[in-house]
*Asks:* 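What follows is a single structure, and I will ask about it in a moment.
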Amino acid sequence: MNAAIRSNIDRVREHIRQAATQSGRDFEDITLIGASKTVDQATLREAIAAGMQVFGENRVQEADTKWPELRDDYPDVELHLIGPLQTNKVGSAVKTFDVIQSLDRPKLAAALRRCRDRGETLPRLLVQVNIGREPQKAGIMPDDLDEFVTACREHYELDIDGLMCIPPSQEAPEAYFTALEKMRRKLDLKHCSMGMSGDYAAAVRSGATMVRVGSAIFGEREYAHRSDG
Ligand SMILES: *Cc1c(COP(=O)(O)O)cnc(C)c1O
């Protein structure tokens, strides 16, 4: 048993609680998502035993190898896709995940609609926004967001639950968090998924309803590739 996991989770929760209190928000309105890419099953079991209920994976294939057994053992656990989704993986993604946070282009919306038309129950959907307008990063550009969300709703007949962003890594994130929260309000959506290990408290103070925390819970990991490429 790795006692560090439990104390890490407790510490992150406490910081979320403090940030919520500071900003007059309800702790219960914020979902802590364990960003569990590269984390093995044994460690995931420890995290679940320590009370974690919601996890985010970056890759469909990795989730499909790690999670089926865990899902059987812990039916209340919720799984989010927080990494990029290829169109040819949509069929398995809709079966594996409860939430897809990386809806970022019309082709994906069209593929999701086709799944639904075939009778699949779709996961809840968040639109990923390229909040820093970074050329190499995934996400809908802020200027195109209204149009894309309208197309999702009216043309593809998809319910959109919220927005997700990964701000530029070398800059202070607050202005980006505030901008995403403003977009959420304007579009009358429920969720803002923003904030990672380095900045989740700031994200909560800016209105995050979901924070995606990896290394602060599971420790530093070496990633084979970048998650936001
Ligand atoms: C890895 C990852 C996180 C968590 O990052 P940490 O800095 O380890 O907390 C959050 N969101 C996404 C999309 C990720 O890929």
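Atom set for the values below is all heavy atoms of this structure, side chains included, hydrogens, waters and symmetry mates excluded. One-based numbering, in listed order, for ligands and for the atoms of each. Just so we're clear, the structure is a prediction, and the values are computed from it rather than from any experiment.
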*Asks:* Is the closest side-chain heavy-atom distance between Met210 and Val54 below 4.5 Å?
*Replies:* no

*Asks:* Give the atom numbers and elements of ligand 1 that come within less than 4.0 Å of a heavy atom of Asn58.
*Replies:*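 The list of qualifying atoms is 14 (C), 15 (O).
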
*Asks:* May I ask you to check whether Met196 has an N/O atom sitting below 3.5 Å from an N/O atom of ligand 1?
*Replies:* no

*Asks:* Numbering the atoms of ligand 1 from 1, which are under 4.0 Å from a heavy atom of Lys37?
*Replies:*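 Checking each atom against Lys37, I get 1 (C), 2 (C), 3 (C), 14 (C), 15 (O).
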
*Asks:* If you count the atoms of ligand 1 from 1 in the order shown, which ones are under 4.0 Å from a heavy atom of Val213?
*Replies:* 9 (O)

*Asks:* Which atoms of ligand 1 are found less than 4.0 Å from any heavy atom of Ile166?
*Replies:* 13 (C)

*Asks:* What do the steps show when you test Thr96 against Arg71 for side chain to side chain donor-acceptor pair (under 3.5 Å), and what is the final call?
*Replies:* CA-CA 10 Å; Thr96 300; Arg71 295 281 243 172; over 6 Å; no

*Asks:* What atoms of ligand 1 come within less than 4.0 Å of a heavy atom belonging to Ser197?
*Replies:* 6 (P), 7 (O), 8 (O), 9 (O)

*Asks:* Could you tell me if the side chain of Met52 sits less than 4.5 Å from the side chain of Ile5, heavy atoms only?
*Replies:* no

*Asks:* Taking C-beta and beyond as the side chain, do Glu120 and Lys95 meet within less than 4.5 Å on heavy atoms?
*Replies:* yes

*Asks:* Just jot down the ligand 1 atoms closer than 4.0 angstrom to any heavy atom of Arg212, in number order.
*Replies:* 4 (C), 9 (O), 10 (C), 11 (N), 12 (C), 13 (C)

*Asks:* Give the numbers and elements of all ligand 1 atoms closer than 4.0 Å to a heavy atom of Ala35.
*Replies:* 3 (C), 4 (C)

*Asks:* Under the ring-ring contact (aromatic ring centres under 6.0 Å, His included) rule, what pairs show up with a residue in residues 124-158, not counting sequence neighbours?
*Replies:* none

*Asks:* Please list all pairs passing the ring-ring contact (aromatic ring centres under 6.0 Å, His included) test where one or both residues lie in residues 14-71, with sequence neighbours left out.
*Replies:*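 Residue pairs passing ring-ring contact (aromatic ring centres under 6.0 Å, His included), neighbours aside: Phe55-Trp67.
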
